[in-house]
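All chains are named by letter (A, B, ...) in the order of the sequence lines, taking the proteins before the strands, and each is independently numbered beginning at 1. Every value quoted in this text rests on a predicted model; they were computed, and no experiment measured them.
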Amino acid sequence: MKLHPAKLLFLQILVAVAALALWQIGATVPIGGDFLLPEFFFSKPGDVLSRVVELFVTGTIWKHLWITLTETVLAFIIGSVGGVVIGFWFARKPVVAAVFDPYVKMVNALPRVVLAPIFMLWLGLGIWSKVALGVTLVFFIVFFNVYQGVKEVSPVVLANARMMGMNERQLFRNVYWPSAMSWMFSSLHTAVGFALVGAVVGEYLGSAAGLGYLIHQAEGVFDVTGVFAGMFILAAFVLVIDWFVTRVEKRLLVWRPQAASEQN
Amino acid sequence: MKLHPAKLLFLQILVAVAALALWQIGATVPIGGDFLLPEFFFSKPGDVLSRVVELFVTGTIWKHLWITLTETVLAFIIGSVGGVVIGFWFARKPVVAAVFDPYVKMVNALPRVVLAPIFMLWLGLGIWSKVALGVTLVFFIVFFNVYQGVKEVSPVVLANARMMGMNERQLFRNVYWPSAMSWMFSSLHTAVGFALVGAVVGEYLGSAAGLGYLIHQAEGVFDVTGVFAGMFILAAFVLVIDWFVTRVEKRLLVWRPQAASEQN
Amino acid sequence: MNAAARATTAEAPHAGASLAVALDDIAISFAVKGRPVFNAVAPTSLHVREGEFVAIVGPTGCGKSTLLNATAGLLAPAGGTVSIFGEKLVGLNARAGYLFQQDALMPWKTALDNVAIALEIGGMRRADAVAQAQDWLKRVGLARFTERYPHELSGGQRKRVALAQMLIRQPKILLMDEPFGPLDAQTRQIMGTLLLRLWAQDRKAVLFVTHDLEEAIALSDRVVIMSAGPEARIIGDFPIDLARPRDAAEIRLDPRFHELHRMIWSQLKAEVAKTYGDDMNGLEASS
Amino acid sequence: MNAAARATTAEAPHAGASLAVALDDIAISFAVKGRPVFNAVAPTSLHVREGEFVAIVGPTGCGKSTLLNATAGLLAPAGGTVSIFGEKLVGLNARAGYLFQQDALMPWKTALDNVAIALEIGGMRRADAVAQAQDWLKRVGLARFTERYPHELSGGQRKRVALAQMLIRQPKILLMDEPFGPLDAQTRQIMGTLLLRLWAQDRKAVLFVTHDLEEAIALSDRVVIMSAGPEARIIGDFPIDLARPRDAAEIRLDPRFHELHRMIWSQLKAEVAKTYGDDMNGLEASS
Amino acid sequence: EIEKPNLTLGVGGKPLLYYLPLTLAERLGYFKDEGLTVEINDFGGGSKSLQALIGGSVDAVTGAYEHTIRMQDKKQDIRAVIDLGRYPGIVVGVSKRKADTIKSVADLKGAKIGVTAPGSSTYILVQYLMMKNGMSPDDASFIGVGSGASAVAAMQKGEIDAISHLDPVISKLQDMGELTVLVDTRTTAGTEAVFGGQNPAAVLYLKESFIKANPNTVQALTNAFYKTLKWLEKATPEEVAATVPQEYWLGDKDLYIKAFNASRESYSPDGNINEASMKSALNLIATTDPKIDPAKIDLSKTFDGSFLAKAKGQ
Ligand SMILES: Nc1ncnc2c1ncn2[C@@H]1O[C@H](COP(=O)(O)OP(=O)(O)OP(=O)(O)O)[C@@H](O)[C@H]1O
Ligand SMILES: Nc1ncnc2c1ncn2[C@@H]1O[C@H](COP(=O)(O)OP(=O)(O)OP(=O)(O)O)[C@@H](O)[C@H]1O
Ligand SMILES: [Mg+2]
Ligand SMILES: [Mg+2]
């Protein structure tokens with residue numbers, strides 16, 4: 001079942017080509033008089049790609065990319081560290097968890113778009129208000145998973161560790177943390193995307209630079225090509241961050257038996 | 001460690017009262033000449049509460065609440081069913097998963113705010129474009145967790161089930177599904193909040209009714225009290241949905257030993 | 001090596017009879033990160049005829065479970081072939097039932113459901129499956145524990161549920177890895193008798209791993225000894241010529257039983273000593 | 001009931017000596033959903049003196065593990081008290097080491113780290129802890145498997161890692177639940193001798209659950225028999241008056257050994273028969 | 001001497017024609033000429049840029065004059081210093097499908113009207129028009145359609161019967177032939193028909209405290225905008241198109257020039273706001289928002305003409 005890397009890459013490219021082809025057809029071949037993907041709303045793949053190239057060639061993108069990257073990485077790190085810490089804390093203090101449970105859920109339901117002005121008030125217009133927006137997304141995703149992950153620790157392994165005389169800190173390091181790790185990483189894969197979304201939405205709602213700013217500018221003047229080019233860069237970008245997360249994951253989870261579904 | 005329900009409620013109310021008191025102080029008592037929570041941005045707790053009461057008393061809220069509820073529930077159900085189905089499918093078909101992995105991550109990184117016009121184009125201004133926005137949030141959260149959950153199935157239990165002669169469908173029903181369940185429910189708790197966020201953001205970007213519409217309207221005329229009242233109702237609302245999720249979870253997970261952290 | 005292994009191939013006494021399981025020159029290796037490949041089982045062969053009851057004994061960690069995994073089709077051998085009823089095994093061995101050494105019950109099903117599901121997946125109506133499962137749980141002494149989830153059972157009770165789960169399907173080949181390990185001597189004998197009766201019914205082939213040599217002799221047609229790993233091989237093959245049907249308790253009084261026991265034990269002892277020759281310098285083996 | 005239980009209280013022969021473990025009238029119940037409370041252990045008492053080696057035998061599912069859990073402080077008894085060295089036990093029993101019946105190694109640590117951590121948490125420098133752990137793994141015959149993760153070890157190897165993990169801390173009270181279950185007879189004896197030597201060093205108290213009556217007699221000062229559950233109690237208490245130091249292998253040739261074995265066995269057999277009296281009507285017990 | 005040469009300026013949708021003078025001032029280098037370095041922050045909407053001003057994260061905003069009135073009600077002292085657009089620039093039009101049935105504002109009864117957002121100026125203008133025509137605002141249903149492509153989509157798909165919106169959406173819809181104009185406040189004629197005079201739209205406003213503390217900075221800023229207005233008064237559409245970034249062209253230079261020509265009259269030629277137009281603006285708000293009491297609003301505090309006067313004097 002294990003795919004050869006070259007074959008895998010080939011299949012992946014095939015999917016991309018197919019998607020682009022469908023896009024091209026939808027944008028240029030009318031079906032029953034209507035375009036499925038009217039150019040006004042979807043642009044055309046060729047245009048988008050050449051815009052992406054242009055952005056990189058002229059170099060305008062770098063400044064924006066750098067700002068968005070900083071925001072995303074900060075949001076991701078702060079949000080996930082916060083989620084892990086609070087998640088562990090809640091999982092280990094059932095009373096705290098029970099008392100705050102409804103409030104955590106309430107805060108998670110607040111639309112971040114509405115919170116943006118408040119972040120700007122507190123944190124100014126710089127990167128930090130965008131980071132804050134990203135953090136509010138990342139935090140909850142990581143938090144809920146870590147909280148559950150800690151509760152899923154094998155009772156026998158835990159009992160054994162406690163009988164060895166581990167104190168709370170040692171239990172954390174040697175039992176809860178490694179055991180909750182796969183839960184945490186699962187949430188991190190989701191969170192990477194959301195960190196970026198948070199940063200971009202923050203920029204979109206008020207900023208002077210960043211990919212979100214670019215997209216917002218393009219949207220205001222019906223420059224769909226620009227919007228799609230921005231989104232494409234965003235998306236490519238998240239793969240890079242996720243690649244780092246996956247590397248760290250692989251490193252930290254060496255001890256695991258191969259997942260059942262990966263065997264034979 | 002198990003808290004008496006009455007005492008728990010008391011503590012929860014205490015937290016709420018403390019938060020409201022801090023809010024009141026921040027909004028009315030200047031610290032070093034500045035207000036920590038200026039009324040222009042935060043209103044005052046009393047005003048917000050009386051506005052909430054007013055909204056319910058005059059009955060204007062019901063129509064909006066109903067629409068938002070419908071959107072949220074639909075987004076939640078469609079998104080999580082989708083996440084579960086695709087999550088399982090990917091987990092069971094490593095080749096499919098490997099090929100589509102980068103694309104899933106790319107799509108997850110697209111800012112939903114930017115997608116709104118496309119949803120409106122395809123789905124119109126009614127509830128479905130908002131549902132779609134919610135679905136794009138819920139789906140990924142559930143998807144990543146279910147995908148990981150399936151891979152975490154105990155290899156011995158799986159091997160035993162396969163030796164019994166279970167086919168793929170039976171394995172799904174009897175092994176993968178129950179085993180991934182706690183992963184799924186963990187993601188559902190996060191997803192409830194995001195379903196609501198999606199619906200509200202959708203309304204916020206274009207609609208004729210719903211809580212997001214109300215909040216946006218209030219924002220347009222700088223009626224912070226109205227904005228906070230709307231958010232408060234939102235937040236209270238998500239607790240109700242989460243309560244249902246928790247009930248279903250308790251029912252489906254009867255077989256579990258008490259979580260280690262809940263014992264003694 | 002290959003020649004040596006062949007020399008002690010555990011061959012069915014009547015080679016003409018049809019073979020239920022044929023492991024031919026199989027070798028099993030494990031990739032261990034950052035180390036050379038670990039060759040757990042060296043090329044070795046084992047043939048089990050239809051209706052034959054073969055016990056496998058050997059020092060701890062020699063490769064008994066690994067051998068069963070290969071027979072079950074859960075582990076692809078690095079070399080050699082596995083044939084089941086004359087056909088080369090591809091994928092899982094659908095004709096075998098496997099009682100794992102570890103806990104393998106589904107934690108989300110009660111004891112009853114864990115046993116009943118084994119029939120339900122074959123298409124049996126639930127009511128019938130439950131009735132049969134109830135009967136089987138009674139046979140393994142758990143009539144009063146049908147509604148318990150695995151974590152609410154003792155170690156020995158879980159093992160018996162797993163036993164019922166495997167036997168209820170009546171597979172043609174039984175792979176059993178220390179099935180009676182966590183049971184007391186008395187219950188062991190009762191379970192042994194239960195197993196023998198079923199086995200006699202329709203010529204099942206049994207591969208039975210145990211650490212209890214008396215049990216191995218009392219139950220089996222042949223006792224096979226594995227050498228200490230790595231590169232474990234089958235180094236002894238003793239036909240047990242005790243009359244059938246046997247009573248698991250009384251057979252131990254038979255003089256031939258003692259003779260066989262002494263014979264096998266002496267070879268086994270030498271083998272175990274070898275294991276500790278390498279690793280147990282810190283401790284003088286006390287036998 | 002209470003009076004009857006007292007009548008067979010497993011009391012240390014020399015009641016004056018200080019007690020390492022005193023279970024007085026303890027009863028243990030489990031809440032089972034949708035069923036009446038399951039009274040696993042009826043009020044019963046067990047005293048273990050300092051430096052005493054007590055073996056517990058009893059039919060499967062009677063409540064042996066449950067009793068150890070209560071002594072370890074992992075399970076709060078429904079009634080009665082647990083005292084450790086004269087003090088009432090609150091929370092975990094910090095003086096005890098516990099070898100669990102199930103796999104309890106940390107899957108994310110290698111065999112070496114699993115053993116070394118037991119010392120590291122006490123504040124020992126890592127280098128020293130590792131050196132000692134290496135030595136201990138050698139003693140249990142796993143010198144070549146130090147870098148393996150638990151899932152890369154065989155069942156018996158995992159058990160031995162767990163044994164090293166418990167012994168390395170040298171706790172004053174050892175709680176061992178079928179520690180030698182998945183080991184071959186030879187290795188069992190070697191481990192038994194290892195255990196006895198350690199035990200002799202500084203008067204440890206040992207509570208040793210086993211299904212192997214010979215092993216129980218060979219190792220212990222007293223063999224305690226539990227009745228079949230539910231409401232299991234201690235119903236027999238046999239001092240083993242064999243001379244020390246003993247050699248785990250040779251002692252089995254002692255005539256007194258056989259006498260004791262016969263005596264204990266007859267009571268145990270009756271007890272197991274009772275279990276199956278209820279549940280095993282489907283099967284004629286063959287003893 | 002300029003007190004604060006580095007300024008942050010907020011705007012809600014910089015590429016919009018509504019805020020054209022800002023982009024021109026930037027591109028023509030007039031800020032630099034005045035010794036200012038201006039960082040322009042673009043926000044999701046006009047209200048967000050105002051919130052940023054109040055919160056202190058921007059120093060000045062190009063936004064709606066209406067905000068200065070509303071903020072007085074909220075006890076925030078915000079003042080305009082120069083007018084950029086003298087007409088609101090909002091167009092109310094109907095879908096070509098409904099062109100036969102909806103011929104005037106009076107026919108809007110029962111229609112589904114798209115606005116940029118509930119509570120926004122496009123929303124208020126329609127309400128005002130309806131009330132002037134003797135209807136209640138409840139007689140139609142309002143749908144927020146957003147500011148960009150989604151507004152075009154809503155019209156195209158027939159989800160709304162009428163729309164109250166700004167450029168470039170309006171020009172795009174006209175270009176597509178989807179729209180029949182009812183009221184056009186981009187032009188002198190259209191605005192006079194509605195308000196009987198001017199009704200200031202985009203202005204440059206700042207906090208009163210900032211104006212007091214940094215008079216020279218504000219003066220420099222006003223100068224830059226005044227120069228821009230003067231440039232714009234004389235510029236040809238071609239020149240304007242050449243000055244703004246190419247991305248602003250709506251994908252088509254001709255369309256951009258058409259849109260610019262349609263809006264041309266709405267740009268203020270001199271930056272001034274007179275009494276009458278202030279009153280007109282207040283009237284618009286007070287009519288549609290019962291919470292605002294016109295008696296409590298001191299219009300003289302909404303516009304500070306002193307800087308403009310000096311700029312003119314140069
Ligand atoms: N996944 C694995 N990776 C590496 N080595 C393994 C793995 N599984 C088993 N081994 C090694 O293979 C050898 C045989 O293991 P196996 O489990 O078959 O032993 P066993 O005979 O069943 O022992 P026991 O009686 O203790 O259960 C052991 O030395 C073990 O360490
Ligand atoms: N969590 C639980 N909930 C309900 N019943 C339980 C639970 N744990 C154990 N029991 C019951 O308590 C009884 C004693 O269990 P225990 O594990 O102590 O048996 P044991 O003597 O160790 O048996 P074995 O020799 O099979 O390990 C059993 O009948 C078991 O079913
Ligand atoms: Mg094994
Ligand atoms: Mg037990």
Side-chain angles (χ1 to χ4, degrees), chain A residues 1 3 8 11-12 15 41 91-92 94-95 98-100 102-103 105-114 117-118 121 140-141 144-145 148 150-153 155 158 182-183 186-187 189-190 192-193 196-197 200-201 204 212 215 219 227 231 234-239 242 257 259-262, chain B residues 1 3 8 11-12 15 41 91-92 94-95 98-100 102-103 105-114 117-118 121 140-141 144-145 148 150-153 155 158 182-183 186-187 189-190 192-193 196-197 200-201 204 212 215 219 227 231 234-239 242 257 259-262:
Chain A
M1 284 293 248
L3 224 55
L8 176 62
L11 284 175
Q12 285 177 341
V15 169
F41 292 101
R92 299 298 300 130
V95 174
V99 171
F100 283 97
Y103 301 108
K105 283 170 181 165
M106 282 170 87
V107 175
N108 181 36
L110 296 182
R112 314 303 193 265
V113 174
V114 182
I118 293 175
L121 171 70
F140 289 99
I141 296 173
F144 282 106
N145 254 31
Q148 189 64 29
V150 172
K151 301 215 279 182
E152 295 286 317
V153 169
L158 180 63
S182 55
W183 285 81
S186 166
S187 71
H189 288 295
T190 332
V192 168
L196 191 58
V197 169
V200 168
V201 170
Y204 190 90
I215 292 178
E219 248 199 339
V227 173
M231 296 216 282
L234 271 187
F237 187 43
V238 87
L239 288 187
D242 193 80
S261 58
E262 282 160 25
Chain B
M1 284 291 250
L3 224 55
L8 176 62
L11 285 175
Q12 286 177 339
V15 170
F41 287 97
R92 299 299 301 131
V95 174
V99 171
F100 284 97
Y103 301 109
K105 283 169 180 164
M106 283 170 87
V107 174
N108 181 36
L110 297 182
R112 315 305 192 263
V113 174
V114 182
I118 294 175
L121 174 70
F140 289 97
I141 297 173
F144 282 105
N145 255 30
Q148 189 63 28
V150 173
K151 300 216 279 182
E152 295 286 317
V153 169
L158 179 63
S182 56
W183 284 82
S186 166
S187 71
H189 288 294
T190 333
V192 168
L196 190 59
V197 169
V200 169
V201 170
Y204 191 89
I215 292 178
E219 235 188 355
V227 173
M231 296 216 282
L234 272 186
F237 187 45
V238 86
L239 290 185
D242 193 81
S261 59
E262 282 160 25

For a quick test of reading the model, state the closest non-hydrogen atom pair linking B:A98 to A:Q12 and the distance between them. O-NE2, 2.9 Å
Identify the heavy atoms of A:F144 and B:S186 that sit nearest to each other, and give their distance. O-OG, 3.4 Å
If I take atom CE from residue A:M106 and atom CE from residue B:M231, how far apart are they, to the nearest 0.5 angstrom? 11.0 Å
For each of A:I118, A:V107, A:L234, tally heavy-atom pairs with chain B at distances under 4.5 Å, and name the one with the top tally. A:I118
Heavy atoms, side chains only, cut-off 4.5 Å: are B:N108 and A:V238 in contact? no
Honestly, the part of B:D242 sitting under 4.5 Å from a heavy atom of chain A is side chain
Greatest number of heavy atom pairs closer than 4.5 Å to chain A - which of B:F140, B:Y103, B:F100: B:Y103
Chain A contact via B:L239 - side chain, backbone, both or neither, heavy atoms under 4.5 Å: side chain
Which one, B:V200, B:L110, B:I215, leads in non-hydrogen pairs under 4.5 Å with chain A? B:L110
Specify the closest pair of heavy atoms between B:V99 and A:L11, including all atoms of both residues, with the distance to one decimal. CG2-CB, 3.7 Å
Reported NZ-to-CG distance for the pair A:K105 and B:L196, which is rounded to 0.5 angstrom: 14.5 Å
